[in-house]
*Asks:* 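Supplied in structure tokens, the structure appears directly below.
Below, read A as the first sequence line, B as the second, and so on, with proteins coming before strands; counting in each chain starts at 1.
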Amino acid sequence: AQSVTQLGSHVSVSEGALVLLRCNYSSSVPPYLFWYVQYPNQGLQLLLKYTTGATLVKGINGFEAEFKKSETSFHLTKPSAHMSDAAEYFCAVSPNTNAGKSTFGDGTTLTVKP
Amino acid sequence: EAGVTQFPSHSVIEKGQTVTLRCDPISGHDNLYWYRRVMGKEIKFLLHFVKESKQDESGMPNNRFLAERTGGTYSTLKVQPAELEDSGVYFCASSQWGEGARGYTFGSGTRLTVV
């Protein structure tokens, strides 16, 4: 069984400030972990993923996330927020099989203030 | 390459009516998934096709939902009869065989409103 908890349904930061979106997961098997982003009126876009290997993964638009097995966390960060980062972000976990049935968190809406 | 296409983008129907949602995956993607987001909550898995076969339909809410994937290409999701609680955003996603666990390409979703 798998589950994902995203801490904070809404996060607000100032432009140029650090972005930190929190994600904790549980999984009975080694997980694959993902962050997706949804901009208004668009579909979900894969931001980054952890499968195996390096635990710090870099994604598009300057985002990165670190897989911490001991903390069962996969927090998403960006050093400096841009107005264009305003969107809804989803953390997801899936088992490392082709089935790829993912379990998603509730989502976190990021607001960037000028 | 063309992305995952879903239509309609919005549908408003009355309780008891039938609605059919369509998804065209990326050409060559054997894996096709349907997910649903209800009332701004988490995105929940509905089912997974590998080519034309249903690999996992454990997330289908009840027998009012019927999914098909003709010839392993496009897929339809029919809701008959629709109930108020079926309102939400229905997402389709696809991936290549063997890559299902490595992340999907999603469509823009169909927003279904049952009144």
*Asks:* Given heavy-atom pairs under 4.5 angstrom as the criterion, report whether the side chain, backbone, both or neither of A:Q45 touches chain B.
*Replies:*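 A:Q45 has no heavy atom closer than 4.5 Å to chain B.
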*Asks:* By number, which residues in residues 61-71 of chain B have some heavy atom less than 4.5 Å away from chain A?
*Replies:*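 Those residues of residues 61-71 of chain B which would need a heavy atom under 4.5 Å from chain A do not exist here.
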*Asks:* For atom NZ of B:K51, is the number of surrounding heavy atoms from other residues, nucleotides or ligands below 6.0 Å larger than 12?
*Replies:*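 Not buried by this count: 12 neighbours or fewer within 6.0 Å.
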*Asks:* For residues A:L21 and A:F67: do they belong to one hydrophobic cluster (side chain heavy atoms under 4.5 Å, members Ile, Leu, Val, Met, Phe, Trp, Tyr)?
*Replies:*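 As far as the 4.5 Å side-chain criterion goes, A:F67 and A:L21 are connected within one cluster.
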*Asks:* Is there a donor in the side chain of B:Y104 and an acceptor in the side chain of A:S102, or the other way round, less than 3.5 Å apart?
*Replies:*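 Short answer, yes.
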*Asks:* Which heavy atom of A:D106 sits nearest to which heavy atom of B:E42, and what is that distance?
*Replies:*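 Taking A:D106 first and B:E42 second, the nearest heavy atoms are OD1-CB, 3.1 Å.
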*Asks:* Answer yes if A:V57 and A:I60 sit in the same cluster of Ile, Leu, Val, Met, Phe, Trp and Tyr residues linked by side chain heavy atoms under 4.5 Å apart, and no otherwise.
*Replies:*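 Linked within one cluster.
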*Asks:* Could you list which of residues 80-93 of chain A have a heavy atom closer than 4.5 Å to any heavy atom of chain B, in residue-number order?
*Replies:*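 Within residues 80-93 of chain A, near chain B: A:E88, A:F90.
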*Asks:* Hydrophobic cluster membership, with links at side-chain heavy-atom distances under 4.5 Å among I/L/V/M/F/W/Y: are B:F91 and B:F45 in one?
*Replies:*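 Yes; tracing contacts between hydrophobic side chains, which count when under 4.5 Å, links both residues.
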*Asks:* Where on B:S9 is there a heavy atom nearer than 4.5 Å to chain A: the side chain, the backbone, both, or neither?
*Replies:*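 Neither; nothing under 4.5 Å.
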*Asks:* Measure B:R111 against the heavy atoms of chain A and call it side chain, backbone, both or neither at under 4.5 Å.
*Replies:*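 For B:R111, no heavy atom lies under 4.5 Å from chain A.
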*Asks:* Closest approach of A:K101 and B:S58, non-hydrogen atoms and distance?
*Replies:*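 Taking every non-hydrogen atom into account, NZ-OG, 3.0 Å.
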*Asks:* If hydrophobic clusters are built by linking Ile, Leu, Val, Met, Phe, Trp and Tyr wherever their side-chain heavy atoms come under 4.5 Å apart, do A:Y32 and A:Y50 end up in the same one?
*Replies:*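 A:Y32 does not cluster with A:Y50.
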*Asks:* Do B:V4 and B:L46 belong to the same hydrophobic cluster, where Ile, Leu, Val, Met, Phe, Trp and Tyr are linked whenever their side-chain heavy atoms lie under 4.5 Å apart, directly or via other members?
*Replies:*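 No, separate clusters.
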